[in-house]
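See structure below.
What you are looking at is a predicted structure, and each value in this text was computed from that prediction instead of being measured. Whatever order the structure lists ligands and atoms in, that order sets their numbers, starting from 1. The basis for the numbers below is simple: all heavy atoms, side chains too, and nothing from hydrogens, waters or symmetry mates.
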Amino acid sequence: MRKRIIAGNWKMNMTVLQTEEFMQKFAPLCSDAKCEVVLCVPFTDLKRMSELSYGTKIKVGAQNVSYADSGAYTGEINAEMLIEAGAEYVIIGHSERRAYFGETDETVNKRTLQALKWKLKPIVCVGETLTERENGFTEEVLTRQILQGLKNVKGDIIIAYEPVWAIGTGKTATPEIANDTINFIRKKVMPLAGDVPILYGGSMNALNAQSLLDMSEIDGGLIGGASLKPNDFSVIVHCK
Ligand code: PGA
């Protein structure tokens, strides 16, 4: 049985003060959570978040990690720093990093290998754009992202399938599309990394989460907007 993982991606939202307010409401709500609950927060929130989540069911994650151990990489952050600040997970290759910050399959691969070297759990994101889907390139794009992004990766990873057209747009993939695509991804990932958890991400919210999580291939969610709202995120955490 693959475990259910509900991970929030706060993106560039929430100050330390806002993190404290969020946790005051959210931590009691998820004390009976049956799934793995992860919150991937901005670097500056990591330390406070790990203090506030101590003794709760909530695990802490970052949103990027350098592929280098240390050195002249202005603006980057290394695995050791993340671990010291309390991170156990790290999102790698989110489509926003691919679109705005020059992330490639090669850098996704280097970051994933680096995370595993330091025993951080990578949540590796893959997904096609609207044009790619409309032109019939979904499988080709996902295959490339998986084969190149997961080259030489043997280990404890999590995959997030996030169709770019569904992120932050309010357009969720139907449960059937998400399930079929994740089934395709699973077949590609299996020979490389084994039967790892594969999450769905893209406008998952309190109203549609159950229908997505009911699908056999969907092992959890990577949730942006709805993870900023304690009540909504708690509803997703409590889906059956
Ligand atoms: P969204 O973001 O839930 O706001 O669509 C998901 C993500 O980008 O991880």
(request) Specify the protein heavy atom at minimum distance from atom 2 (O) of ligand 1: its residue, its atom name, and the distance to 0.1 Å. (result) K11 NZ, 3.3 Å
(request) Within a distance under 4.0 Å of any heavy atom of H94, pick out the atoms of ligand 1 and give their elements. (result) 7 (C), 8 (O), 9 (O)
(message) Could you measure the distance from the CG atom of L82 to the OG atom of S66? Nearest 0.5 Å is fine.
(response) 9.5 Å
(message) Under a 4.0 angstrom heavy-atom cut-off, which atoms of ligand 1 come close to G225?
(response) 1 (P), 3 (O), 4 (O)
(request) Give yes or no for whether the N/O distance cutoff of 3.5 Å, strictly under, is met between G224 and ligand 1. (result) yes
(request) Give the atoms of ligand 1, by number and element, whose distance to some non-hydrogen atom of L222 is under 4.0 Å. (result) 6 (C), 9 (O)
(request) May I have all residue pairs that pass side chain to side chain donor-acceptor pair (under 3.5 Å) and include part of residues 120-137, sequence neighbours excluded? (result) E128-R133, E128-Y161, E128-W165, T129-E132, R133-Y161, R133-T181
(message) Rounded at 0.5 Å granularity, tell me how far CZ in F22 sits from CH2 in W10.
(response) 5.0 Å
(message) With a heavy-atom distance limit of 4.0 Å, tell me whether I167 approaches ligand 1 through its side chain, its backbone, both, or neither.
(response) both
(request) Classify the ring geometry between Y67 and Y73 as parallel (under 30°), tilted (30 to 60°) or perpendicular (over 60°). (result) perpendicular
(request) Report yes if E162 has an N/O atom closer than 3.5 Å to an N/O atom of ligand 1; otherwise report no. (result) yes
(request) Determine, for K47 against E51, whether the closest basic-nitrogen to carboxylate-oxygen distance falls under 4.0 angstrom. (result) yes
(request) State which residues pass side-chain contact (heavy atoms from CB on, under 4.5 Å) with I167; sequence neighbours excluded, sorted by chain then number. (result) K11, H94, S95, E96, E162
(request) Could you tell me whether G201 and ligand 1 have an N or O pair separated by under 3.5 Å? (result) no
(message) With a 4.5 Å cut-off on side-chain heavy-atom distances among I, L, V, M, F, W and Y, is there a chain of contacts connecting I6 to V41?
(response) yes
(request) Would you mind listing which atoms of ligand 1 come within a distance below 4.0 Å of any non-hydrogen atom of G202? (result) 5 (O)
(message) Only heavy atoms of S203, strictly under 4.0 Å: list the atoms of ligand 1 that pass.
(response) 1 (P), 3 (O), 5 (O)
